[in-house]
Amino acid sequence: MLSGDGLVVRVRPFRGELNRAQVLGLCDLAERFGNGLIELTSRANLQLRGIAQEDHLALLAALEGLGLLDLDPSFEARRNMLVAPDRSPGDLTDRLCTGLLEALPRLPNLPEKMGYVIDTGARAWLGEAIGDFRLELAENGALLLRADGVALGRPVSEAGAIPAIIELADWFVGTGGRDNGRMARHVAKAMLPEMWQRAAPRAQGWPEPGIDPELGAVLGVPFGALEPEALRGLVAQSGASALRPLPGRMLRILCPQPEAALHPGFVSAPGAPEMRASACPGAPFCPAASVETRSLARTLARRASADTDAGGSLHVSGCAKGCAHPRRADLTLVGRDGRFDLVRGGAPWDPPSLTGLDPSHIPDAIRSA
Ligand code: SF4
(Lines give C-alpha, C1' and ligand atoms only; values in the text may rest on other atoms or scores of the structure.)
Protein backbone atom coordinates (compact mmCIF):
# COMPACT_ATOMS: atom_id res chain seq x y z
CA MET A 1 0.00 0.00 0.00
CA LEU A 2 1.22 3.52 -0.76
CA SER A 3 1.16 5.95 2.17
CA GLY A 4 2.43 9.42 2.92
CA ASP A 5 5.78 7.98 4.00
CA GLY A 6 6.35 5.54 1.13
CA LEU A 7 5.13 1.97 0.85
CA VAL A 8 3.54 0.15 3.76
CA VAL A 9 4.20 -3.58 3.57
CA ARG A 10 1.83 -5.75 5.60
CA VAL A 11 2.87 -9.15 6.91
CA ARG A 12 0.08 -11.55 7.89
CA PRO A 13 1.59 -14.27 10.06
CA PHE A 14 0.48 -17.75 8.97
CA ARG A 15 -1.89 -19.22 11.58
CA GLY A 16 -1.18 -16.19 13.74
CA GLU A 17 2.43 -17.06 14.59
CA LEU A 18 5.97 -15.96 13.77
CA ASN A 19 8.87 -18.22 14.62
CA ARG A 20 12.06 -16.89 16.15
CA ALA A 21 13.93 -16.65 12.84
CA GLN A 22 11.04 -14.74 11.27
CA VAL A 23 10.92 -12.28 14.19
CA LEU A 24 14.64 -11.60 14.02
CA GLY A 25 14.50 -11.40 10.22
CA LEU A 26 11.73 -8.78 10.37
CA CYS A 27 13.82 -6.73 12.81
CA ASP A 28 16.65 -6.66 10.27
CA LEU A 29 14.31 -5.78 7.40
CA ALA A 30 12.68 -2.92 9.31
CA GLU A 31 16.10 -1.36 9.85
CA ARG A 32 17.40 -2.11 6.35
CA PHE A 33 14.38 -1.11 4.27
CA GLY A 34 11.88 0.65 6.53
CA ASN A 35 11.68 3.47 9.04
CA GLY A 36 13.30 1.36 11.77
CA LEU A 37 10.05 0.28 13.46
CA ILE A 38 7.76 -2.71 13.06
CA GLU A 39 4.11 -1.82 13.52
CA LEU A 40 1.77 -4.21 15.27
CA THR A 41 -1.73 -3.44 14.06
CA SER A 42 -4.95 -3.76 16.01
CA ARG A 43 -5.82 -6.73 13.72
CA ALA A 44 -2.68 -8.60 14.80
CA ASN A 45 -0.78 -8.03 11.58
CA LEU A 46 2.69 -6.54 11.27
CA GLN A 47 3.67 -3.67 9.01
CA LEU A 48 6.90 -2.18 7.77
CA ARG A 49 6.56 1.49 6.79
CA GLY A 50 8.57 3.97 4.83
CA ILE A 51 9.69 1.48 2.15
CA ALA A 52 11.12 3.10 -0.97
CA GLN A 53 9.55 1.97 -4.26
CA GLU A 54 12.93 0.81 -5.54
CA ASP A 55 13.39 -1.48 -2.51
CA HIS A 56 10.02 -3.16 -2.86
CA LEU A 57 11.14 -6.24 -4.81
CA ALA A 58 14.23 -6.79 -2.66
CA LEU A 59 12.04 -6.65 0.45
CA LEU A 60 9.55 -9.12 -1.04
CA ALA A 61 12.41 -11.51 -1.84
CA ALA A 62 13.65 -11.24 1.75
CA LEU A 63 10.14 -11.89 3.11
CA GLU A 64 9.85 -14.90 0.84
CA GLY A 65 13.15 -16.17 2.21
CA LEU A 66 11.65 -15.95 5.71
CA GLY A 67 8.58 -17.92 4.63
CA LEU A 68 6.27 -14.96 5.10
CA LEU A 69 4.78 -14.62 1.61
CA ASP A 70 1.78 -16.35 0.11
CA LEU A 71 2.40 -18.03 -3.24
CA ASP A 72 -0.53 -16.07 -4.64
CA PRO A 73 -0.91 -12.42 -3.52
CA SER A 74 -4.69 -12.57 -3.98
CA PHE A 75 -4.75 -15.36 -1.39
CA GLU A 76 -3.02 -13.10 1.15
CA ALA A 77 -5.76 -10.52 0.68
CA ARG A 78 -8.38 -13.16 1.54
CA ARG A 79 -6.42 -14.64 4.47
CA ASN A 80 -7.90 -12.13 6.90
CA MET A 81 -8.15 -14.46 9.89
CA LEU A 82 -7.78 -14.17 13.65
CA VAL A 83 -7.29 -17.42 15.53
CA ALA A 84 -7.47 -18.16 19.26
CA PRO A 85 -4.04 -17.46 20.74
CA ASP A 86 -3.88 -20.84 22.53
CA ARG A 87 -4.09 -22.76 19.23
CA SER A 88 -1.90 -25.85 19.25
CA PRO A 89 -1.17 -28.23 16.38
CA GLY A 90 -4.11 -30.54 15.70
CA ASP A 91 -6.59 -28.99 18.15
CA LEU A 92 -10.06 -27.79 17.14
CA THR A 93 -8.88 -24.22 16.41
CA ASP A 94 -6.02 -25.56 14.28
CA ARG A 95 -8.28 -27.95 12.36
CA LEU A 96 -10.82 -25.20 11.65
CA CYS A 97 -8.00 -22.92 10.57
CA THR A 98 -6.77 -25.58 8.12
CA GLY A 99 -10.30 -26.08 6.78
CA LEU A 100 -10.84 -22.37 6.27
CA LEU A 101 -7.46 -21.87 4.57
CA GLU A 102 -8.34 -24.65 2.12
CA ALA A 103 -11.79 -23.18 1.51
CA LEU A 104 -10.75 -19.55 0.92
CA PRO A 105 -10.50 -19.95 -2.88
CA ARG A 106 -14.07 -21.31 -2.93
CA LEU A 107 -15.58 -18.37 -1.06
CA PRO A 108 -17.30 -15.66 -3.09
CA ASN A 109 -15.50 -12.38 -3.58
CA LEU A 110 -16.05 -10.36 -0.41
CA PRO A 111 -15.18 -6.75 0.45
CA GLU A 112 -11.47 -6.46 1.23
CA LYS A 113 -11.83 -5.71 4.92
CA MET A 114 -14.08 -8.66 5.71
CA GLY A 115 -12.50 -11.33 7.86
CA TYR A 116 -12.87 -14.42 10.02
CA VAL A 117 -12.47 -15.10 13.73
CA ILE A 118 -11.85 -18.62 15.05
CA ASP A 119 -12.31 -18.25 18.79
CA THR A 120 -12.55 -21.88 19.85
CA GLY A 121 -9.79 -22.15 22.47
CA ALA A 122 -9.91 -22.76 26.21
CA ARG A 123 -11.52 -19.37 26.77
CA ALA A 124 -13.24 -16.87 24.46
CA TRP A 125 -10.26 -14.59 23.86
CA LEU A 126 -11.35 -12.63 20.83
CA GLY A 127 -14.66 -11.11 21.91
CA GLU A 128 -13.60 -7.57 21.07
CA ALA A 129 -11.83 -8.45 17.83
CA ILE A 130 -13.72 -7.38 14.73
CA GLY A 131 -14.49 -10.27 12.39
CA ASP A 132 -17.44 -10.78 10.09
CA PHE A 133 -17.67 -14.60 10.26
CA ARG A 134 -17.13 -15.92 13.79
CA LEU A 135 -16.60 -19.55 14.78
CA GLU A 136 -17.19 -19.63 18.53
CA LEU A 137 -18.28 -22.02 21.27
CA ALA A 138 -21.48 -22.00 23.31
CA GLU A 139 -21.32 -22.44 27.11
CA ASN A 140 -21.99 -26.18 26.61
CA GLY A 141 -19.05 -26.46 24.19
CA ALA A 142 -21.17 -26.65 21.01
CA LEU A 143 -19.57 -25.06 17.95
CA LEU A 144 -21.38 -22.01 16.52
CA LEU A 145 -21.04 -19.86 13.44
CA ARG A 146 -22.14 -16.32 14.25
CA ALA A 147 -22.53 -13.41 11.85
CA ASP A 148 -20.95 -10.28 13.31
CA GLY A 149 -23.60 -7.83 14.50
CA VAL A 150 -26.07 -10.43 15.79
CA ALA A 151 -26.09 -11.86 19.33
CA LEU A 152 -26.81 -15.49 18.46
CA GLY A 153 -25.17 -17.98 16.13
CA ARG A 154 -26.03 -21.17 14.28
CA PRO A 155 -24.90 -24.49 15.85
CA VAL A 156 -22.70 -26.40 13.39
CA SER A 157 -20.72 -29.63 13.51
CA GLU A 158 -16.97 -29.45 12.95
CA ALA A 159 -17.42 -31.00 9.50
CA GLY A 160 -20.21 -28.53 8.73
CA ALA A 161 -18.43 -25.39 9.94
CA ILE A 162 -16.64 -24.43 6.73
CA PRO A 163 -19.60 -25.24 4.43
CA ALA A 164 -21.68 -23.04 6.74
CA ILE A 165 -19.22 -20.15 6.30
CA ILE A 166 -19.54 -20.54 2.53
CA GLU A 167 -23.35 -20.58 2.87
CA LEU A 168 -23.34 -17.44 5.02
CA ALA A 169 -20.96 -15.72 2.59
CA ASP A 170 -23.29 -16.65 -0.29
CA TRP A 171 -26.23 -15.20 1.67
CA PHE A 172 -24.25 -12.00 2.28
CA VAL A 173 -23.41 -11.56 -1.40
CA GLY A 174 -26.82 -12.71 -2.64
CA THR A 175 -28.68 -10.19 -0.45
CA GLY A 176 -26.57 -7.21 -1.54
CA GLY A 177 -24.05 -7.26 1.31
CA ARG A 178 -21.23 -5.96 -0.86
CA ASP A 179 -23.00 -2.61 -0.96
CA ASN A 180 -22.92 -2.44 2.85
CA GLY A 181 -19.28 -3.53 3.05
CA ARG A 182 -19.30 -5.43 6.36
CA MET A 183 -21.45 -8.09 7.95
CA ALA A 184 -22.52 -6.02 10.97
CA ARG A 185 -23.73 -3.18 8.73
CA HIS A 186 -25.51 -5.62 6.43
CA VAL A 187 -27.42 -7.55 9.13
CA ALA A 188 -28.63 -4.21 10.49
CA LYS A 189 -30.42 -3.68 7.17
CA ALA A 190 -31.05 -7.15 5.71
CA MET A 191 -33.08 -9.83 7.49
CA LEU A 192 -30.70 -12.61 8.58
CA PRO A 193 -32.77 -15.84 8.56
CA GLU A 194 -33.70 -17.27 11.97
CA MET A 195 -31.65 -20.46 11.40
CA TRP A 196 -28.50 -18.36 11.82
CA GLN A 197 -29.63 -17.03 15.22
CA ARG A 198 -30.29 -19.98 17.50
CA ALA A 199 -27.66 -20.18 20.26
CA ALA A 200 -25.62 -17.76 22.36
CA PRO A 201 -21.81 -17.91 22.44
CA ARG A 202 -20.04 -18.26 25.80
CA ALA A 203 -19.07 -15.11 27.70
CA GLN A 204 -16.63 -13.07 25.62
CA GLY A 205 -13.23 -12.12 26.95
CA TRP A 206 -9.92 -10.51 26.08
CA PRO A 207 -6.33 -11.23 27.19
CA GLU A 208 -4.56 -8.70 29.39
CA PRO A 209 -0.83 -7.97 29.56
CA GLY A 210 0.90 -10.08 32.22
CA ILE A 211 1.26 -13.79 32.97
CA ASP A 212 -1.91 -15.57 31.89
CA PRO A 213 -2.58 -19.06 33.31
CA GLU A 214 -3.30 -20.47 29.85
CA LEU A 215 -1.29 -18.25 27.53
CA GLY A 216 1.85 -17.61 29.60
CA ALA A 217 3.50 -14.27 28.87
CA VAL A 218 1.30 -11.64 27.16
CA LEU A 219 2.94 -8.27 26.55
CA GLY A 220 1.39 -4.99 25.47
CA VAL A 221 3.00 -2.87 22.76
CA PRO A 222 2.14 0.84 23.22
CA PHE A 223 0.94 2.33 19.93
CA GLY A 224 1.89 -0.97 18.28
CA ALA A 225 5.41 0.39 17.73
CA LEU A 226 7.89 -2.47 17.98
CA GLU A 227 11.49 -1.35 18.18
CA PRO A 228 13.85 -3.96 16.70
CA GLU A 229 16.37 -3.57 19.54
CA ALA A 230 13.70 -4.19 22.19
CA LEU A 231 12.29 -7.12 20.22
CA ARG A 232 15.70 -8.74 19.83
CA GLY A 233 16.29 -8.21 23.56
CA LEU A 234 12.94 -9.81 24.39
CA VAL A 235 13.67 -12.86 22.21
CA ALA A 236 17.16 -13.29 23.69
CA GLN A 237 16.06 -12.76 27.30
CA SER A 238 13.06 -15.10 27.13
CA GLY A 239 14.49 -17.77 24.83
CA ALA A 240 11.26 -17.41 22.83
CA SER A 241 10.66 -19.98 20.11
CA ALA A 242 7.80 -17.97 18.59
CA LEU A 243 5.55 -14.92 19.02
CA ARG A 244 1.84 -14.67 18.39
CA PRO A 245 0.54 -11.18 17.64
CA LEU A 246 -2.84 -10.60 19.32
CA PRO A 247 -5.50 -8.05 18.51
CA GLY A 248 -5.33 -4.95 20.70
CA ARG A 249 -1.57 -4.58 20.05
CA MET A 250 -0.36 -7.40 22.26
CA LEU A 251 2.01 -10.31 21.84
CA ARG A 252 1.91 -13.79 23.29
CA ILE A 253 5.47 -15.00 23.89
CA LEU A 254 6.01 -18.75 23.52
CA CYS A 255 8.95 -19.39 25.80
CA PRO A 256 10.01 -21.88 28.53
CA GLN A 257 9.63 -19.48 31.50
CA PRO A 258 6.90 -16.82 31.08
CA GLU A 259 8.48 -14.64 33.79
CA ALA A 260 11.64 -14.35 31.66
CA ALA A 261 9.59 -12.54 29.00
CA LEU A 262 8.72 -9.57 31.21
CA HIS A 263 10.95 -7.15 29.34
CA PRO A 264 11.05 -3.44 30.29
CA GLY A 265 10.44 -2.36 26.69
CA PHE A 266 6.89 -3.78 26.83
CA VAL A 267 3.76 -3.42 28.97
CA SER A 268 3.45 -6.41 31.30
CA ALA A 269 0.59 -5.42 33.61
CA PRO A 270 -3.09 -4.66 32.97
CA GLY A 271 -4.35 -1.10 32.89
CA ALA A 272 -1.32 0.72 31.43
CA PRO A 273 -2.75 4.05 30.24
CA GLU A 274 -0.79 4.16 26.97
CA MET A 275 -2.52 0.93 25.87
CA ARG A 276 -5.74 2.94 25.56
CA ALA A 277 -4.20 5.56 23.27
CA SER A 278 -3.54 5.45 19.52
CA ALA A 279 -0.86 7.45 17.74
CA CYS A 280 0.66 7.12 14.27
CA PRO A 281 4.45 7.40 13.82
CA GLY A 282 4.18 11.17 13.20
CA ALA A 283 7.31 13.29 12.69
CA PRO A 284 10.10 12.59 11.95
CA PHE A 285 9.02 9.17 10.62
CA CYS A 286 6.24 10.30 8.28
CA PRO A 287 6.79 13.21 5.86
CA ALA A 288 3.08 14.07 6.01
CA ALA A 289 3.46 14.98 9.70
CA SER A 290 4.61 18.29 11.11
CA VAL A 291 4.34 17.18 14.75
CA GLU A 292 5.60 14.45 17.04
CA THR A 293 2.73 12.24 18.14
CA ARG A 294 3.71 9.42 20.45
CA SER A 295 5.40 11.38 23.23
CA LEU A 296 2.31 13.63 23.45
CA ALA A 297 -0.03 10.62 23.40
CA ARG A 298 1.96 8.98 26.21
CA THR A 299 1.91 12.15 28.33
CA LEU A 300 -1.81 12.74 27.82
CA ALA A 301 -2.73 9.10 28.46
CA ARG A 302 -0.80 9.06 31.75
CA ARG A 303 -2.29 12.38 32.80
CA ALA A 304 -5.81 11.24 31.97
CA SER A 305 -5.20 8.09 33.98
CA ALA A 306 -4.10 10.14 37.00
CA ASP A 307 -7.10 12.47 36.60
CA THR A 308 -10.66 11.43 37.07
CA ASP A 309 -11.48 11.46 33.36
CA ALA A 310 -9.59 8.20 32.80
CA GLY A 311 -11.12 5.66 30.48
CA GLY A 312 -11.90 7.70 27.35
CA SER A 313 -10.24 6.84 24.06
CA LEU A 314 -7.43 9.10 22.88
CA HIS A 315 -5.96 9.43 19.40
CA VAL A 316 -3.02 11.64 18.44
CA SER A 317 -2.67 11.79 14.65
CA GLY A 318 0.14 13.37 12.66
CA CYS A 319 -2.34 14.61 10.07
CA ALA A 320 -6.04 14.37 9.21
CA LYS A 321 -5.59 11.02 7.45
CA GLY A 322 -5.73 9.26 10.84
CA CYS A 323 -3.77 6.10 9.90
CA ALA A 324 -3.50 4.79 13.49
CA HIS A 325 -7.22 4.96 14.26
CA PRO A 326 -9.31 5.91 11.23
CA ARG A 327 -12.52 6.32 13.21
CA ARG A 328 -14.06 8.19 16.12
CA ALA A 329 -12.32 8.64 19.48
CA ASP A 330 -13.42 10.53 22.59
CA LEU A 331 -10.51 12.88 22.09
CA THR A 332 -8.56 13.30 18.84
CA LEU A 333 -5.61 15.64 18.33
CA VAL A 334 -4.67 16.27 14.72
CA GLY A 335 -1.32 17.78 13.73
CA ARG A 336 -1.37 20.74 11.34
CA ASP A 337 1.51 23.14 10.59
CA GLY A 338 3.42 22.22 13.76
CA ARG A 339 0.39 22.60 16.06
CA PHE A 340 -2.68 20.57 16.93
CA ASP A 341 -6.42 20.77 16.32
CA LEU A 342 -8.70 19.17 18.90
CA VAL A 343 -11.72 17.07 17.87
CA ARG A 344 -14.07 15.87 20.60
CA GLY A 345 -16.06 12.71 19.89
CA GLY A 346 -15.10 12.55 16.24
CA ALA A 347 -12.60 11.30 13.66
CA PRO A 348 -9.41 13.15 12.59
CA TRP A 349 -11.12 14.60 9.53
CA ASP A 350 -14.13 15.95 11.45
CA PRO A 351 -14.43 19.67 12.28
CA PRO A 352 -12.28 20.56 15.33
CA SER A 353 -13.58 22.38 18.38
CA LEU A 354 -10.19 24.05 18.99
CA THR A 355 -7.42 24.78 16.49
CA GLY A 356 -3.75 25.77 16.47
CA LEU A 357 -2.88 24.41 19.92
CA ASP A 358 0.71 24.40 21.11
CA PRO A 359 1.54 20.92 22.54
CA SER A 360 2.42 22.42 25.94
CA HIS A 361 -1.05 24.02 26.21
CA ILE A 362 -3.03 20.94 25.25
CA PRO A 363 -3.61 19.47 28.76
CA ASP A 364 -5.12 22.78 29.94
CA ALA A 365 -7.12 23.16 26.74
CA ILE A 366 -8.59 19.68 27.18
CA ARG A 367 -9.60 20.44 30.76
CA SER A 368 -11.21 23.77 29.98
CA ALA A 369 -12.84 22.85 26.65
S1 SF4 B 1 -1.83 9.91 9.89
FE2 SF4 B 1 0.29 9.87 10.57
S3 SF4 B 1 1.26 8.14 9.48
FE4 SF4 B 1 -0.70 8.62 8.44
S5 SF4 B 1 -0.09 10.02 6.77
FE6 SF4 B 1 -0.72 11.30 8.53
S7 SF4 B 1 1.17 11.71 9.66
FE8 SF4 B 1 1.60 10.01 8.26
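Since this is a predicted model, take the numbers as computed values, not measurements. Here, residue 1 is the first one in the sequence, and each next residue gets the next number. Order of appearance sets the numbers: ligands from 1, and atoms from 1 within every ligand.
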Q: Is the contact between C286 and ligand 1 made by the side chain, the backbone, both, or neither, using heavy atoms and a 4.0 Å cut-off?
A: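 For C286, the contact with ligand 1 is made by the side chain alone.
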Q: Suppose I only count heavy atoms of S317 and a 4.0 Å limit; which atoms of ligand 1 are within that range?
A: 1 (S)
Q: Let me confirm one number: the CZ-CG distance from F133 to L100, rounded to the nearest 0.5 Å.
A: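 So the gap between those two atoms works out to 9.5 Å.
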Q: Please could you name the atoms of ligand 1 that G322 approaches to less than 4.0 Å, counting only its heavy atoms?
A: 1 (S)
Q: Give me the nearest non-hydrogen protein atom to atom 4 (Fe) of ligand 1 as residue plus atom name, then the distance to 0.1 Å.
A: C323 SG, 2.3 Å
Q: Check whether F285 and I38 end up in the same hydrophobic cluster, where Ile, Leu, Val, Met, Phe, Trp and Tyr are linked by side-chain heavy atoms less than 4.5 Å apart.
A: no
Q: One thing to verify: whether R15 and D94 come together as a salt bridge, which I'm taking to mean a side-chain N less than 4.0 angstrom from a carboxylate O.
A: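 Salt bridge flag = yes for R15 with D94.
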Q: Is a donor from one side chain sitting under 3.5 angstrom from an acceptor on the other, for H186 and T175?
A: yes
Q: Is it true that, when you exclude E64 itself, more than 12 heavy atoms of the residues, nucleotides or ligands shown sit nearer than 6.0 Å to its CD?
A: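 No, not enclosed.
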Q: Answer yes or no for C280: is there an N/O/S atom below the 2.8 Å cut-off from atom 2 (Fe) of ligand 1?
A: yes
Q: Flag this pair as yes if the NZ/CZ of R78 is under 6.0 angstrom from the six-membered ring centre of Y116 and inside a 45 degree cone about the axis; otherwise no.
A: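 The answer is no, since R78 fails at least one limit relative to Y116.
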Q: Considering non-hydrogen atoms of the protein only, which is the closest contact for atom 6 (Fe) of ligand 1, and what is the distance?
A: C319 SG, 2.3 Å
Q: Which of the numbered atoms in ligand 1 are below 4.0 angstrom from a heavy atom of G318?
A: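 Listed by number with element: 2 (Fe), 7 (S).
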